[in-house]
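Structure first, commentary second.
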Amino acid sequence: MKTFYVTTPIYYVNGKPSIGHAYTAIAADILARYHRSLGEEVAFQSGTDENSQKNVEAARAAGREDDVQGYLDEMADLWKRTFDALQLTHTRFIRTTESNHLAAVEMFWKAVEAKGDIYQGSYEGLYCQGCEAFVTEADLVNGNCPLHQKPPIVLKEKNYFFRLTAYREALLEHILTHPRFVLPESRRNEIVSYIRNFMTDVSISRETMKWGIPVPSDPAQRIYVWFDALINYITGAGYGTDQAAFEKWWPAQVQLVGKDILKFHCALWPAMLLSVGLPLPESVFAHGFFTVDGQKMSKSLGNVVDPVEMVERYGHDALRYFLMREIPFGGDGDFSEARLQQRYDGDLGNELGNLAHRVLTMAEKYVGGVVPERADGFLGEAWPAYRRAMEECRLHDALEAAWSLVRQANQYVDQRQPWTLAKNAETKALADTLYVLLETLRHLAHMLHPFLPGFGEGLFQRLGLGTSDQLALSPPFAEAWGGLEPGTQTSKGEPLFPKREES
Ligand code: ME8
């Protein structure tokens, strides 16, 4: 069976999950559900990045300095509960303080060392604790890191270094010959320019940090958090603990990240893998960043949006739809609750929900809810456009492909006017029209199921098809016209996107 392994970044636990963190995880969930529908075996990993100094600072701020691990346990639990509340279908939630991750990191470090890619040196420079990375004067705006609005600290240490520059040519070659490695295409130039012109060897241990995984040969030093964190992707696949699983799952097909951490994932990470002789992930997709009501989302501005609150107000489907539709996947965008309401009322309520409810109601009224004999419909290019978009992680384009069908179906209702056909007793034309509409709904349920699981499930049921796990979701059944059997009993049920109560 074909496997599909998708990952999200692992998140710092110095605060609770925001809509930004949920964004990447929801996108990964959509890909996971989609690939399950293709009949593939799916692993979907997310988790928490716990060996960062900023988690330690957060523990201190919470008065938990003497109990950092306890603090991390509680926070990781909060993240897990949030991901469950968002109904994500991850198969693994990894924490980098887990013992098997420690084992994997040790094994990895030793392999890089054996390759001769680790050397001792000393470093003096500026370090941004927010980024957990060295920065230069040129990166600063008014003396502050522009991402974290804080000045960097001066760090002077004896460190171990990773010979990142030894992989410059190999990385460039890989990126050039594997067009899917860095996605979307627009990020490729950025990373190529960085690798070619700016990439230096990187310090991968800290002398002054007391939290983190000890360097195997020199436990007084702690492993640099990014070097440890990136390894999570293979720990979760079985590296160091379960070789058979590892061979089955690695390399990952898609690693989703935000554009803020592109360099770590498209330069440092593949170089680490090259050093130990492991295959590189098939693609790293870096999505954009969104603001909230036009402003950067930040604790200090107090505008951090809680994804669970949004789900409580509008439902899972609406939040997922909004995020994937409003912000082109790969580009930047803006989150606004007012726009979410508009999309709920318009796209989901008036266009999609209304189509489904109208068609099912007419079927009940005119043919007793019994699916009529097959008739020809109008799928056009919807499926190929949808599949291509899904393959390239253009999630917004996949939605657009489905929506072109929604719009066509709504126009078809208006043109055919089933109520007039019924009034004029044009039985055959009415039956054909209803078949086309019901069957189109089935195609929409298949396409939208990964994005809007509640809607997809609800529609499968109303179409008399049972639940998605009883259904062949895979391409031959999903895509072929005529899958809905004449004689099947449908039911209109409740509207799937009921009118909102004005807040
Ligand atoms: O960087 N828009 O973790 P982190 C879009 N631990 N995406 C957003 C977002 C926004 N406004 N805000 C956050 C780390 N994100 C490291 C990763 S991986 C080995 C280690 C998402 O908690 C986006 O995916 O700072 C971004 O890359 C990630 O959260 C950063 O999460």
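Note that ligands are numbered from 1 as they come in the structure, with each ligand's atoms numbered from 1 the same way.
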Next on the checklist: Hydrogens and angles aside, do Tyr167 and Asp117 bring a side-chain donor and acceptor to less than 3.5 Å of each other?
Outcome noted: yes
### Message
Heavy-atom count check: over 12 atoms from other residues, nucleotides or ligands less than 6.0 Å from Asn142 CG?
### Response
no
Contact set, ligand 1, heavy-atom distance under 4.0 Å, ordered by chain/number, equals Pro9, Ile10, Tyr11, Tyr12, Gly20, His21, Tyr23, Thr24, Asp49, Trp226, Ala229, Leu230, Asn232, Tyr233, Gly258, Asp260, Ile261, His265, His287, Gly288, Phe289, Phe290, Met297
Point to revise | Trp226 and Tyr12 aromatic ring geometry - parallel, tilted or perpendicular at 30°/60° bounds | key: perpendicular
Check ion pair Glu400-Arg407 (N to O, under 4.0 angstrom): yes
Next on the checklist: If the threshold is 4.0 Å, N to carboxylate O, is there a salt bridge linking Asp334 and Arg339?
Outcome noted: no
Worksheet entry | Donor + acceptor pair across side chains of Asp345, Gln341 (<3.5 Å) | no
